[in-house]
Amino acid sequence: MKDFAALFAHIDESTKTTVKIAALADYFGTAPLDDRLWTIALFTGRRPKRTITATRLREWAAEVANLPDWLFAESYSIVGDLAETIALVLPPPTQTTEIPLSHWINYIKYLSTLDDAARKTGILQAWDSLPTTQRFLFTKLLTGGFRIGVSAKLITRALAQSTGQPEPRLAHKLMGNWTPDTATWDSLIVADDPTADLSRPYPFYLAYQLDSLDDLGQPDDWNAERKWDGIRGQLIIRGGEQHLWSRGEDLMTDRFPELARLRDDLPDGTVIDGEILAYKDEKPLSFNALQKRIGRKTVPGKLLVDAPAILMAYDILEHDGQDIRALPFTDRRKLLKTLTDQSPEGAPLRLSASLAFANWDDLRNARAQSRAVGAEGLMLKRRKSPYLAGRKRGDWWKWKIDPLTIDAVLIYAQAGHGRRANLFTDYTFAVRDGENFVPFTKAYSGLTDAEFREITAWVRKNTLQRFGPVRQVPPVHVFEIAFEGLQPSPRHKSGVALRFPRMLRWRRDKPVHEANTLADLQEMLATFG
Amino acid sequence: MISALRRGSPGRTHRALRDPAADHAIITAMTDILTFTDRGIYCPAGDFYIDPWRPVDRALITHAHSDHARPGMGSYLATDGTAPVMKHRLGNIRVDTVTYGSETQIGDARVSFHPAGHVPGSAQIRVEVKGQVWVVSGDYKTVADGLSTPFAPVKCHAFITECTFGLPVFSWTPQAILTGQINDWWAANAAAGRTSILGTYALGKAQRLLRLLNPDIGPILTHAAIENTNEVIRNQGVTLPQTIRVTAETNAKNHPGALVLATPSAVDSTWARRFGPASTAFASGWMALRGVRRRRAADRGFIVSDHADWDGLNMAIKATGATKIFATHGYTATFRRWLCEQGYDAHVGSTDYQGEGFDNPKEIEE
Ligand SMILES: [Zn+2]
Ligand SMILES: [Zn+2]
């Protein structure tokens, strides 16, 4: 655990990617094999099952530290992280131990088999034998949440440096269903065959937002299609089985049972990249319709009728069991078209149409119609581009439409957590309704640190009322709020809910009486909802 | 020596003219030896202020940090260890000095200064009026830093304490371990051909760190603001290792393996770019919190402060024997509630000292 804690501290404290990668690469070359595997698992979001509730941990830590509950709670609200708060308030350890990471994880699994009293004894013993950082990590493992600033890309690069294997191959190996219980360092990293696991997806190719059409060269070099507003997914048909993966590596197969028939509609050995859409009468429904199906493990029959899903196919990655990602886009596209054309009547599969355009102005016009056809912009793909892994510049570009915006008034502010503790960063915004202000959305991001500091100082001086951590402030500051869409919502006072709201800018130039009204918001709902 | 501090202010004359019935009320009020006013902590019996934040005639100063020693006072009284830095920072001011422990009569108040262990010369100020003893802690820490005269508890009835780090999450790294951490970091950077840039406060923490550094590892360079303070401190007879002042001509190539002591705001400024490839670090109590460490975005955070940590605060308060406590700068409301639950008659003292919150931790932990 000492080595893992040192690695964590290195990565967590450094701002330099090179330092992080070097630390990881060094660790992957020297740590025990099981620890390496667990480290990859933890940093890619695979964590041991939660064995104990946060409430219990809080109680026990406060008891050991001899603190009243309210003081523990207050400390927690400043620190912003439960495991860190616990690690900091406990008295220094009286024991020492040199147990590696993977053993601690086994210890945690073992604890989950015990009754409450024995589990408590086990956890208190661990706390008493670990210095602060290791204690923090151990408690993180207990609470189950393990997010630190390491991207899958960074892990892949460090592994590449340490093993000498190419990055895309490693990225592929890290995808999919494996856990440290089903894999070993050798089977996952050293073994040569990433397709050994039939459910394993390919890394998604992601695009950057287009800066300017000027850099693209000839229009002839490019394929344009709609950027559909659904859930990006990868459909895998192998060995008679069907798997559906999200971009976040969630297995979504069971959430979209109507796509199960594609196992029969498509030949074995096919992998398709596409967009899952709620789709009716040959038209996509709004994202709101699809949203009702997200987060449900099982789908009620009514939703299957109201919001049936299809896969809008963008690309084909595997054909006849062959990885064809290196072929030019045009060739892959031909294969994809043949498959979709040959798929039987009623198959929940469409080919995302290529848009015809003679020049860039045609494309500008097509983009302007995005909202009308239910898309969120265009995708431009170079005709000879291979299918790459991860977010890359050059061959693929997304050209999203501008977000919807509204000018709103700040009425409540609340302090953030962790990094942003004691800065007022979480705001509630209102639209005007006569003399009243009707709250309609919260937003947390989009301002600079300097602006957050300025507003924080202002909130401190101008608090009208406190409701717990929330402060009511005078309605004087106007902000431009950007969002991707809106829908009716009876749970909100204003009757609408926004999608992806964020602060676009602080409109210091705008007086409150020029902020938008509830009527403006309702009109937007009628037009875009 | 303290001729400026004599009784006979207009307030006192006015009080002398009051009728005996009103005097009764004054005697009751007199049990508050010190009061919190909008100018500072005031002593009616001696007609003086302690660490005032707005101009007053007579100021008693606990230590030379800028939130405690401000310009514009008619006269200043401070320890002989505090006066030189205060003059350096505030320019041409009138300062009378006292040594630790010596008593001075000011009006009806008996005043003495006692070591606070915060920075060189820093003091707690003891005020006794008619057998009642109140102590203002100023800023303090309870562990010896090898530089300042160590904190000495003073018995009192009421104690006005700081609580900049008055939460149980704050616990400082022992000095011996800290010394190892900093020198190891420096040595590893030197071996890798990187400059080590360490951000710290110019007065107190910088000199404390200088005395922990192992000069065998490499040369020590200093930001001008720190070097100016070093000069003042050296002139007081304190030994510091050899340092090189960074100037416009300083070329990093001539100082391989150097450690640069910089003010916190200089660490990520263009000023720091002249040192080429570098590892940056901050030395501060706030570095105990991961969130702040990450927000400050340095390569390392050393957990060290010239304020008392949670255990330090609680031990210091207990050692005074005081039953009445006023909490100032920091997590005052929380700390007050905690003290009340421990059986103290605890209050929040409203002051203008810095150190609340950590919006900008690099500047305000003085
Ligand atoms: Zn201070
Ligand atoms: Zn202070």
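Every chain is numbered from 1, with letters handed out A, B, ... down the list of sequences.
No more than 12 heavy atoms of other residues, nucleotides or ligands sit less than 6.0 Å from atom CZ of A:Arg157. Heavy atoms from other residues, nucleotides or ligands lying under 6.0 Å from NE2 of A:His10 number 12 at most. For A:Lys16, the NZ atom is densely surrounded, since the number of other residues' heavy atoms within 6.0 Å is greater than 12. At most 12 non-hydrogen atoms from other residues, nucleotides or ligands lie less than 6.0 angstrom from CG of A:Asp69. Residue-environment remark: CZ (A:Arg508) exceeds the threshold of 12 foreign heavy atoms within 6.0 Å. Within 6.0 Å of NZ on A:Lys153 lie no more than 12 heavy atoms contributed by other residues, nucleotides or ligands.
Nearest heavy-atom pair across B:Arg293 and A:Asp12 is NH2-OD2, 4.3 Å.
In summary, B:Arg300 and A:Glu13 engage in a salt bridge, as defined by a charged side-chain N under 4.0 Å from a carboxylate O.
Looking at A:Phe136, the atoms closer than 4.5 Å to chain B (heavy atoms on both sides) all sit in the side chain, from C-beta outward. Interface remark: B:Ser171 contributes no atoms to any contact with chain A (heavy atom separation under 4.5 Å).
With rounding to the nearest 0.5 angstrom, the CG atom of A:Leu88 is 7.5 Å from the CD1 atom of B:Ile303. Taking OG1 of A:Thr132 as the start and CZ of B:Arg290 as the end, the distance is 14.0 Å to the nearest 0.5 Å. The distance from atom CG of A:Leu67 to atom CD of B:Glu341, rounded to the nearest 0.5 Å, is 10.5 Å. Atom OG of A:Ser75 is separated from atom OH of B:Tyr331 by 9.0 Å, given to the nearest 0.5 angstrom.
Inter-residue side-chain proximity for B:Trp338 and A:Pro68 is flagged as met; some heavy-atom pair is nearer than 4.5 Å. Side-chain contact between A:Ile78 and B:Leu167 is present, with heavy atoms from C-beta onward closer than 4.5 Å. Within the 4.5 Å cutoff, no side-chain heavy atoms of A:Leu71 are placed close to those of B:Arg337. Between A:Val89 and B:Trp310, every side-chain heavy-atom pair lies at or beyond the 4.5 Å cut-off.
A:Arg505 is linked by a salt bridge (charged side-chain N to carboxylate O under 4.0 Å, His left out) to A:Glu480, counting only residues two or more places apart in sequence or in another chain.
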Would you be so kind as to tabulate the donor-acceptor pairs closer than 3.5 Å made by side chains of residues 186-199 of chain B, with sequence neighbours excluded?
unit_1, atom_1, unit_2, atom_2, d
B:Trp186, NE1, B:Gly257, O, 2.9
B:Asn189, OD1, B:Arg194, NE, 3.3
B:Asn189, OD1, B:Arg194, NH2, 3.1
B:Asn189, ND2, B:Trp185, O, 3.2
B:Asn189, ND2, B:Ser196, OG, 2.9
B:Thr195, OG1, B:Phe275, O, 3.0

